[in-house]
Amino acid sequence: MSSKKRADSQVDLRQGTLDLLILRVLTWGPTHGHNIVKGIQRASDEALLIDHGSLYPTLQRLEQRRLITADWGISENNRKARFYRLTSTGRTALARETSRWERLIEAVGRVLRAAPDRA
C-alpha cells in the first residue's frame, strides 16, 4: 500500500480510545510496550498507528489507576523491558468502556443511516 493510501486509511484516535485499546490487547496476555503497539496495528489492519510518545504516558496513567501492573523482564530480543498485565480492576473497566463504545457506535450508526425527515 502506498504511503498516501496508508495515510488516507489511518484513523485519528479520540481521547480515551488508546486506553481501551491497550486494555483489550492486554487481555491476550502480558506483554511489553512495543508488542502492544504492534498488536493494535495488526488488529486494526494497520489503520491505527500508535506513536510510542503517546503509548508510554498512557501506560503510566493506566498503571496509576491500577488498571494494569508492570514488571521488568526480558523481551524476545533479549532486552530488558517492562511487561504490562491487566488487573481485575482493568478487566472491569474494559467491560464497562467496551459497552459504552458499542452503544456510541450504534447511536452514531443510527444517525448516519437516518432519513432526512428524522433529522
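In what follows, every heavy atom counts, from backbone to side chain, and hydrogens, waters and symmetry copies are set aside.
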K.L.:
Could you check Arg24 against Thr27 for side chain to side chain donor-acceptor pair (under 3.5 Å), going step by step and ending with a plain yes or no?
P.N.:
CA-CA 5 Å; Arg24 177 62 181 136; Thr27 65; 2.7 Å; yes
K.L.:
Donor-acceptor pair, Asp51 side chain versus Gly53 backbone, under 3.5 Å?
P.N.:
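Indeed, once roles are kept as given, a pair shorter than 3.5 Å links the two residues.
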K.L.:
With rounding to the nearest 0.5 Å, note down the distance linking CD1 in Ile68 to CG in Leu59.
P.N.:
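Rounded to the nearest 0.5 Å, the CD1-CG separation comes to 5.0 Å.
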K.L.:
Could you state the interatomic distance from CG (Leu21) to OG1 (Thr58), rounded to the nearest 0.5 Å?
P.N.:
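That separation rounds to 10.0 Å.
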K.L.:
Can you tell me if Arg85 has over 12 outside heavy atoms packed within less than 6.0 Å of its CZ?
P.N.:
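For Arg85, atom CZ is not crowded (no more than 12 foreign heavy atoms under 6.0 Å).
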K.L.:
Do Glu97 and Leu23 make a side-chain contact, defined as non-hydrogen atoms from C-beta onward lying under 4.5 Å apart?
P.N.:
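Not touching, per the 4.5 Å side-chain cut-off.
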K.L.:
So, do Leu55 and Ile22 sit near enough that their side-chain heavy atoms are less than 4.5 Å apart?
P.N.:
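In contact.
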K.L.:
Say whether Val37 and Phe83 are linked into one hydrophobic cluster, either directly or through other cluster members, by side-chain heavy-atom distances under 4.5 angstrom.
P.N.:
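Unlinked, Val37 and Phe83 end up in two clusters.
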K.L.:
If the test is side-chain hydrogen bond (donor to acceptor under 3.5 Å, both in side chains), which one of Arg79, Lys80, Glu76, Arg82 qualifies with His32?
P.N.:
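Considering Arg79, Lys80, Glu76, Arg82, a side-chain hydrogen bond (donor to acceptor under 3.5 Å, both in side chains) with His32 is found only for Glu76.
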K.L.:
Mind running side-chain contact (heavy atoms from CB on, under 4.5 Å) on Leu49 and Gln41 for me, showing each step along the way?
P.N.:
CA-CA 6 Å; Leu49 302 178; Gln41 283 182 234; 3.3 Å; yes
K.L.:
Is it the case that one hydrophobic cluster holds both Leu104 and Val111, taking links as side-chain heavy atoms less than 4.5 Å apart, direct or via other members?
P.N.:
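No, no single cluster joins them.
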K.L.:
The test is side-chain contact (heavy atoms from CB on, under 4.5 Å); show your working for Thr69 and Tyr84 and say whether it passes.
P.N.:
CA-CA 6 Å; Thr69 60; Tyr84 298 91; over 6 Å; no
K.L.:
Between NE2 of His34 and NZ of Lys38, what distance do you get to the nearest 0.5 Å?
P.N.:
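So the gap between those two atoms works out to 4.5 Å.
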K.L.:
Does any N or O in the side chain of Thr89 come within less than 3.5 Å of the main-chain N or O of Leu67, such that one atom is a donor and the other an acceptor?
P.N.:
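The answer is no, because no donor-acceptor pair under 3.5 Å joins these two groups.
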K.L.:
Give a yes or no on whether Ile74 and Ile36 share a hydrophobic cluster (residues Ile, Leu, Val, Met, Phe, Trp, Tyr; joining criterion: side-chain heavy atoms under 4.5 Å apart).
P.N.:
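Different clusters.
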K.L.:
Closer than 3.5 angstrom, by distance alone: can the side chain of Thr87 be matched with the main-chain N or O of Arg66 as a donor-acceptor pair?
P.N.:
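Present.
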K.L.:
Determine whether a donor-acceptor pair (N or O, by modelled atom type, separation under 3.5 Å) exists between the side chain of Thr31 and the backbone of Asn35.
P.N.:
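Side chain of Thr31 to backbone of Asn35: no pair is present.
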K.L.:
Assess the side chains of Ser99 and Arg103: does a donor N or O sit below 3.5 Å from an acceptor N or O?
P.N.:
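Distance-only check passes for Ser99 and Arg103.
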K.L.:
Show the numbers, then the answer: is there a side-chain contact (heavy atoms from CB on, under 4.5 Å) between Ile40 and Leu18?
P.N.:
CA-CA 9 Å; Ile40 292 169; Leu18 183 55; 4.1 Å; yes
K.L.:
Check whether Leu62 and Trp72 end up in the same hydrophobic cluster, where Ile, Leu, Val, Met, Phe, Trp and Tyr are linked by side-chain heavy atoms less than 4.5 Å apart.
P.N.:
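Leu62 and Trp72: separate clusters.
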